[in-house]
Q: 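Before we start, here is the structure in question, set down as structure tokens.
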Amino acid sequence: MTLPRVRFAPSPTGMLHVGNARTALYNWLFARRLGGQFILRIEDTDLERSETRYEGQLIEDLRWLGLDWDEGPGVLGEPDKGVVGPYRQSERLDIYARHTEQLLAEGKAYRCFCTPEELEAERALAIADHLPQVYSGHCRNLSHAAIDHNLVAGKPFAVRLRIGTDSLRFHDIVRGSVDFPAETISDPILVRSASSVSAGVPVYNYVVTVDDALMGITHVIRGDDHISNTPKQVAIYQAFGWPVPEFAHLSTILGSDRERLSKRHGATSISTFRQMGYLPEALANYLGLLGWGAEDGKSETFTLEQLAKVFSLERVTPSPAIFDFDKLNWLNRHYLKLADPERIAKLAERQFTRHRPDIFPLWASDELHTAEMQVFLASQDPPIQLNSLSKELIDQRKAWFASLLALFLPKVDHLDQLPAKSAAIFGFDVEAARVEPENAAVLAVDSARTVLSELASRVRAHSGHVTPEIFKLWLNEIKDATGIKGKELFHPARIALTGFHSGPEFEKVLPLIEDGATLGLGIPTVRERIERFVGV
RNA sequence: GGCGCUAUCGUCUAGGGGUUAGGACGUGAGAUUCUCAAUCUUAAAACCCGGGUUCGAUUCCCGGUAGCGCUACCA
């Protein structure tokens, strides 16, 4: 048996969407599982909508997800890999033209001189009669004389495939046998007429078939919006006498309202998830699970490598799936825990730099030297300089940042939530803290007032630095002196210290604040916080 | 209008002619902690409807309904 060859064939008309990313992933997994080849082909025949900049983005997104391909366009400047190229449809126009000539010469295709108006009228009639919309076959058997006459007269024509009268059936790995009655399909257009904007450009259903056949694709794995196109494509394979591949149509990904997943449901493009601080392994795992289940019915966490060992198209679900952000978040938290802390630190630093450019960067890590980041830093007002710090200070800041992450990472679904979640350290805002309803409720209690005034008098009486040890000592003294303990003691104290009534333990937060304050990050000290809050 | 695809907890799914219909996310409760997060324990939660086949259907068949897709000289 020959090894399978599959392809992912996106059109570069926008960002890579999670639905397409899943299609790419399943193609890749199928090929890797069976030791076959995975090919990337760019479908840019829609010249009006295609943009080359999207091709680069596409390639970047696929690589970020962890996918690679054996044939197709390479990274910038690299030539295409593979020998059945070119891998951009816009570079294959002569190939299609040659095949059209062949079909015409063999009488398997013919010129159709019908005008759009005539066809529209036919269609209207069919709908009125509750009949399938099919082409009447008006130009199917024109005499040579009539054809020549039209040609000489310069009448524009499209090229249509002459198909048989049998019903068309194909096998789908996900859905079984799918068939279409003969009377519902008619001679499809292969090449657009000169009267259309894209004169002489072959249509999608035609080029995709020619490409798949010439590239030796054995399994066509794609979205289920192509099911209805498949019979036309099968007819084209048959006209050329090419072997018909296996098909596998993947169901649509829907939003929570069961509508097709779109921007209004939240993030949908791979690059957006990346920016939000999702890990590629989490997204790949989630997409792998969306429409596919492991054989044991239980396993859920897979690396790409693990998935590539167990994936099979037979276990792909045919029904549409709703994209569940909660489950993605769970997987992301899972991988955040497993990931190398240094890697997470770099990613987290980028998020802080984006959201808190007043404080970050803490150090000039390699991550911040990307072109994208440079543009961002330079665009800030005032522009941010990547300062050259002493190695000692950099190491101290790195260690401090690591302990910050240890404290706040368990609280986030994705990395871009980190700046907001760690506001206890970076965002000490007395007014906001007082006004926040739950805080206000805590502070309104008499015992809370007592705690704050006790704290205030101790700060006044103490002239030096308020170390974590001293602060904890104070809390104990206040407890002993007033009998206030538990949350009545801790909550007001925490508000005064961090602006939040709940959060990590004092044992962890206090050193973080004090150490951070000494690293030149503009973080107020324990003393400054209390003074500001109680108005000393 | 025509044609096609789909239908198990709220969601992703396992299963399959007789099962306590399994797992996960989410949700509720409890443990832990001053609190939040994390963690652990635990609970509630599903076979779209109607016929048929069968001793027996959630499972097989037919129909309905609903959702989605295609219905272009878009991709």
Side-chain angles (χ1 to χ4, degrees), chain A residues 9-11 13 43-46 48-50 89 112 114-116 119-120 123-124 126-134 156-160 172 174-175 178-181 183-185 188-205 207-208 223-231 249 251-252 254 256 258-260 286 289-301 315 317-331 333 337 407-412 421 424 438 442 475 485-491 493-494 500-506:
Chain A
S11 40
T13 52
E43 308 217 324
D44 56 355
T45 43
D46 186 359
E48 289 175 34
R49 288 198 292 159
S50 295
Q89 289 185 331
C112 174
C114 295
T115 64
L119 296 172
E120 186 48 49
R123 214 169 292 135
I127 290 175
D129 288 348
H130 297 195
L131 292 169
Q133 296 174 42
V134 290
F157 62 87
V159 177
R160 281 186 192 268
D172 190 300
V174 177
R175 291 148 212 278
V178 182
D179 38 355
F180 292 78
E183 57 273 22
T184 63
I185 53 172
I189 301 268
L190 262 26
V191 182
R192 297 177 180 88
S193 78
S195 65
S196 86
V197 199
S198 318
V201 177
V203 304
Y204 167 80
N205 278 315
V207 300
V208 77
D224 67 355
D225 47 335
H226 291 285
I227 291 179
S228 302
N229 291 327
T230 309
H249 287 101
S251 64
T252 324
L254 308 175
S256 49
R258 300 193 170 272
E259 303 260 349
R260 236 193 159 122
Y286 178 67
L289 249 32
L290 198 58
W292 174 87
E295 200 154 1
D296 64 6
K298 289 180 168 56
S299 307
E300 303 240 59
T301 53
R315 295 190 61 80
T317 336
S319 52
I322 294 174
F323 194 92
D324 184 359
F325 288 91
D326 285 334
K327 187 139 186 178
L328 204 216
N329 287 341
W330 169 70
L331 277 169
R333 291 195 300 266
K337 277 176 227 153
L407 230 48
F408 292 100
L409 213 49
K411 295 179 188 293
V412 303
K421 289 286 180 187
E438 284 190 51
V442 170
L475 286 185
K485 58 183 165 97
K487 65 171 77 167
E488 277 71 36
L489 172 65
F490 283 92
H491 283 201
R494 183 179 279 110
F500 298 87
H501 65 85
S502 64
E505 307 126 67
F506 283 102

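Below, chains carry the letters A, B, ... as their sequence lines are ordered, and counting in each starts from 1. Values below: all heavy atoms of this structure, side chains included; hydrogens, waters and symmetry mates excluded.
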Q: Please report the distance, rounded to the nearest Å, between CZ in A/Arg160 and C1' in B/rA72.
A: 11 Å
Q: Looking at B/rA37, which nucleotide sits across from it as a Watson-Crick or G-U wobble partner, both distances under 3.5 angstrom, or is there none?
A: none
Q: Categorize A/Phe180 for me: base, sugar-phosphate, or nothing, with a 4.0 angstrom heavy-atom threshold over every strand shown.
A: sugar-phosphate
Q: Taking salt bridge (Lys or Arg N to Asp or Glu O under 4.0 Å) as the test, write out the residues that go with A/Glu120, two or more places apart.
A: A/Arg123
Q: Using both distances under 3.5 Å as the test, list the Watson-Crick or G-U wobble partner of B/rC60, or none.
A: B/rG52
Q: To the nearest angstrom, how far is A/Asn329 atom CG from B/rU27 atom P?
A: 11 Å
Q: Could you tell me which nucleotide pairs with B/rU32 by Watson-Crick or G-U wobble geometry, both distances under 3.5 Å, or answer none if nothing does?
A: none
Q: Taking any strand in view, what nucleotide pairs with B/rU19 in a Watson-Crick or G-U wobble way, both distances under 3.5 Å?
A: none
Q: Using atom CD of A/Glu259 as one end and atom P of B/rC68 as the other, report the distance to the nearest whole Å.
A: 6 Å
Q: Could you give the CD1-to-P distance, from A/Ile189 to B/rA75, as a whole number of Å?
A: 12 Å
Q: Detail all sub-3.5 Å separations between protein N/O atoms and N/O atoms belonging to nucleotides 5-13 of chain B.
A:
from   : atom 1 : to       : atom 2 : distance (Å)
B/rC5  : O2'    : A/Arg175 : NH1    : 2.3
B/rU11 : OP1    : A/Arg258 : NH2    : 2.5
B/rC12 : OP1    : A/Ile322 : N      : 3.1
B/rC12 : O2'    : A/Leu289 : O      : 3.2
B/rU13 : OP1    : A/Gly291 : N      : 2.7

Q: Using a heavy-atom cut-off of 4.0 Å across all strands, would you classify A/Lys485 as base, sugar-phosphate, or nothing?
A: nothing
Q: Using both distances under 3.5 Å as the test, list the Watson-Crick or G-U wobble partner of B/rA7, or none.
A: B/rU65
Q: What is the separation between atom CD1 on A/Ile185 and atom C1' on B/rA72, rounded to the nearest whole Å?
A: 17 Å
Q: Rounded to whole angstrom, note down the P distance from B/rU19 over to B/rC47.
A: 15 Å
Q: Looking at A/Gln133, I'd like to know whether one of its side-chain N or O atoms comes within less than 4.0 Å of OP1 or OP2 on B/rA72.
A: yes
Q: Rounded to the nearest angstrom, tell me the gap between atom CG in A/Leu489 and atom P in B/rU33.
A: 17 Å
Q: Is the backbone of A/His249 close enough, under 3.5 Å, to the side chain of A/Asp172 for a donor and an acceptor to pair up by distance?
A: yes
Q: Is A/Phe490 stacked on the base of B/rC34, meaning ring centres closer than 5.5 Å and planes within 30 degrees of each other?
A: yes
Q: Watson-Crick or G-U wobble partner for B/rA43, using a 3.5 Å limit on both distances?
A: B/rU27
Q: Please report, rounded to the nearest Å, how far the P atom of B/rC70 is from the CG atom of A/Asn229.
A: 9 Å
Q: Tell me the interatomic distance from A/Glu183, atom CD, to B/rG2, atom C1', rounded to whole angstroms.
A: 11 Å
Q: Would you mind classifying the nucleic acid contact of A/Leu407 as base, sugar-phosphate or nothing, using non-hydrogen atoms under 4.0 angstrom?
A: nothing
Q: Want to settle it: does A/His226 or A/His130 sit nearer the 5' end of RNA chain B, counting the closest nucleotide to each?
A: A/His130
Q: Can you find a side chain N or O atom of A/Arg123 that sits less than 4.0 Å from OP1 or OP2 on B/rA72?
A: yes
Q: Over all strands shown, is A/Arg494 touching base, sugar-phosphate only, or nothing at heavy-atom distances under 4.0 angstrom?
A: base
Q: Restricting to non-hydrogen atoms, name the atom on A/Thr317 and the atom on A/Ser251 that form the minimum distance, rounded to 0.1 Å.
A: O-OG, 4.1 Å
Q: Nearest to the side chain of A/Glu505, heavy atoms from C-beta on, is which of B/rC34, B/rC25, B/rA75?
A: B/rC34
Q: May I have the step-by-step check of side chain to side chain contact (heavy atoms under 4.5 Å, CB included) for A/Val442 and A/Arg494, ending in yes or no?
A: CA-CA 11 Å; A/Val442 170; A/Arg494 183 179 279 110; over 6 Å; no
Q: Counting heavy atoms from C-beta on, name the nucleotide in B/rA38, B/rA75, B/rG1 closest to the side chain of A/Ser11.
A: B/rA75
Q: Does either side chain, that of A/Thr252 or that of A/Asp224, offer a donor lying less than 3.5 Å from an acceptor on the other one?
A: yes
Q: Name the orientation class of the two ring planes belonging to A/Phe490 and A/Phe506 (parallel below 30°, tilted from 30 to 60°, perpendicular beyond 60°).
A: tilted
Q: Work out which heavy atom in A/Ile322 is nearest to a heavy atom in A/Leu290; give both atom names and the distance.
A: O-CD1, 3.8 Å
Q: Expressed as a whole number of Å, how far does the P atom of B/rC70 sit from that of B/rA44?
A: 43 Å
Q: Between B/rC25, B/rC70, B/rC34, which nucleotide has the shortest distance from any of its atoms to the side chain of A/Arg333?
A: B/rC25
Q: Suppose you measure atom P in B/rU41 against the same atom in B/rC25; what distance do you get, rounded to whole Å?
A: 11 Å
Q: Please classify the nucleic acid contact of A/Glu295 as base, sugar-phosphate, or nothing, using heavy-atom distances under 4.0 Å.
A: nothing
Q: Expressed as a whole number of Å, how far does the C1' atom of B/rA14 sit from that of B/rA46?
A: 13 Å
Q: Ignoring hydrogens and geometry, is there a side-chain-to-backbone donor-acceptor pair from A/Tyr286 to A/Phe325 under 3.5 Å?
A: no
Q: Does B/rC73 have a Watson-Crick or wobble partner in any strand here, with both distances under 3.5 angstrom, and which is it?
A: none
Q: When the nearest nucleotide of RNA chain B is assigned to A/His501 and to A/Pro10 on a heavy-atom basis, which residue is associated with the more 5' position?
A: A/His501
Q: Closer than 3.5 angstrom, by distance alone: can the side chain of A/Ser193 be matched with the main-chain N or O of A/Ala158 as a donor-acceptor pair?
A: no
Q: When you compare B/rG64 with B/rC55, how far apart are their P atoms, in angstrom units rounded to a whole number?
A: 28 Å
Q: Please name the pair of heavy atoms, one in A/Ala424 and one in A/Phe500, separated by the smallest distance, quoted to 0.1 Å.
A: N-CE1, 3.6 Å
Q: Any non-hydrogen side-chain atom of A/Glu183 less than 4.5 Å from a side-chain atom of A/Val134?
A: no
Q: Rounding to the closest angstrom, what is the interatomic distance between B/rA75 and B/rG17 at atom P?
A: 45 Å
Q: In whole Å, what separates the C1' atom of B/rC73 from that of B/rC60?
A: 45 Å
Q: Look at the side chain of A/Ser228 and decide which nucleotide, out of B/rC73, B/rC70, B/rU35, has an atom nearest to it.
A: B/rC70
Q: Counting side-chain heavy atoms from C-beta on, which of B/rC73, B/rA38, B/rG69 comes nearest to A/Pro410?
A: B/rA38
Q: Taking atom P in both B/rC48 and B/rA57, compute the distance separating them and give it to the nearest angstrom.
A: 16 Å
